[in-house]
Colleague: 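Sharing a structure with you now.
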Amino acid sequence: MSALVEFAMFPTDQTESKSAFVARVLDIVDRSGLPYQLTPMGTIIEAETVSEIFALIEKAYADLEQDCNRIYSVVKIDYRKGPIGRLTKKKVSVEEKLGRKLNG
């Protein structure tokens with residue numbers, strides 16, 4: 001099985017800049033050992049099950065709850081039977097169809 005989950009999480013009751021809080025969340029994601037990709041609008045994580053990623057998201061909430069009173073998050077899930085590796089394979093598939101590498 002393959003779960004691709006894109007999520008964004010940040011406090012709404014803190015400073016205008018959210019990068020310090022995003023960095024805390026990304027530290028948790030990075031230490032998980034799961035493959036991920038940081039984008040300007042969120043983070044995409046891949047795992048064999050959705051529950052693995054939800055456990056990671058819960059850890060991120062627990063971290064931000066320590067000093068944030070209001071936390072906003074968005075979660076998108078693509079769950080599919082089949083092997084993991086779609087995080088990179090999706091881009092390669094599109095590039096093959098175009099016959100060229102993409103910039104992004």
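Numbers here simply count residues along the sequence, with the first being 1.
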Colleague: Tell me the ring-ring contact (aromatic ring centres under 6.0 Å, His included) pairs involving residues 79-104, sequence neighbours left out?
Modeller: none

Colleague: Considering residues at least two apart in sequence or located in another chain, which fulfil the side-chain hydrogen bond (donor to acceptor under 3.5 Å, both in side chains) criterion with Ser73?
Modeller: Tyr61

Colleague: According to a hydrophobic-cluster definition based on side-chain heavy atoms being under 4.5 Å apart (Ile, Leu, Val, Met, Phe, Trp, Tyr only), do Leu56 and Phe54 belong together?
Modeller: yes

Colleague: Under the rule for salt bridge (charged side-chain N to carboxylate O under 4.0 Å, His left out), what residues qualify as partners of Glu46, not counting sequence neighbours?
Modeller: none

Colleague: Who are the salt bridge (charged side-chain N to carboxylate O under 4.0 Å, His left out) partners of Lys101, not counting sequence neighbours?
Modeller: Glu95

Colleague: Check side chain to side chain contact (heavy atoms under 4.5 Å, CB included) between Phe10 and all other residues, then give those that pass, not counting sequence neighbours.
Modeller: Thr12, Lys18, Tyr72

Colleague: Do Leu87 and Ile53 share a hydrophobic cluster, counting only Ile, Leu, Val, Met, Phe, Trp and Tyr and linking them when any side-chain heavy atoms are less than 4.5 Å apart?
Modeller: no

Colleague: How far apart are the closest heavy atoms of Val25 and Ala60, and which atoms are they?
Modeller: CG1-CB, 4.0 Å

Colleague: If you count heavy atoms of other groups shown closer than 6.0 angstrom to NZ of Lys76, is the number above 12?
Modeller: no

Colleague: Output all residues satisfying side chain to side chain contact (heavy atoms under 4.5 Å, CB included) with Lys90, sequence neighbours left out; order by chain, then residue number.
Modeller: Leu4, Asp78, Arg86

Colleague: Which atom names give the shortest non-hydrogen contact between Ile84 and Ala47, and what distance separates them?
Modeller: CG2-O, 3.8 Å

Colleague: With ring-ring contact (aromatic ring centres under 6.0 Å, His included) as the rule and sequence neighbours excluded, what pairs involving residues 83-104 come up?
Modeller: none

Colleague: Could you list the donor-acceptor pairs under 3.5 angstrom formed between side-chain atoms of residues 62-71 and any protein atom two or more places apart in sequence or on another chain?
Modeller:
residue, atom, partner, partner atom, Å
Asp63, OD2, Arg24, NE, 2.8
Asp63, OD2, Arg24, NH2, 3.1
Gln66, NE2, Asp63, O, 3.4
Asp67, OD1, Arg24, NH1, 3.3
Asp67, OD1, Arg24, NH2, 3.0
Asp67, OD2, Arg24, NH1, 3.1

Colleague: Quick one: do Leu26 and Phe21 end up in the same hydrophobic cluster if we chain Ile, Leu, Val, Met, Phe, Trp and Tyr together by side-chain heavy atoms under 4.5 Å apart?
Modeller: yes

Colleague: Which other residues end up in the same hydrophobic cluster as Val92, if Ile, Leu, Val, Met, Phe, Trp and Tyr are linked when side-chain heavy atoms come under 4.5 Å apart?
Modeller: none

Colleague: Under a single-linkage definition using a 4.5 Å side-chain heavy-atom cutoff for Ile, Leu, Val, Met, Phe, Trp and Tyr, are Val29 and Val22 assigned to the same hydrophobic cluster?
Modeller: yes

Colleague: With a 3.5 Å cut-off and sequence neighbours excluded, list the donor-acceptor pairs that the side chains of residues 34-43 form with protein atoms.
Modeller:
residue, atom, partner, partner atom, Å
Tyr36, OH, Asp30, OD1, 2.7
Thr39, OG1, Met41, N, 3.3
Thr39, OG1, Gly42, N, 3.1
Thr39, OG1, Gly42, O, 2.8

Colleague: So, using side chain to side chain contact (heavy atoms under 4.5 Å, CB included) as the criterion, who are the partners of Ser93 when residues are at least two apart?
Modeller: Lys97

Colleague: By side chain to side chain contact (heavy atoms under 4.5 Å, CB included), which residues pair with Thr49, not counting sequence neighbours?
Modeller: Ser51, Glu52

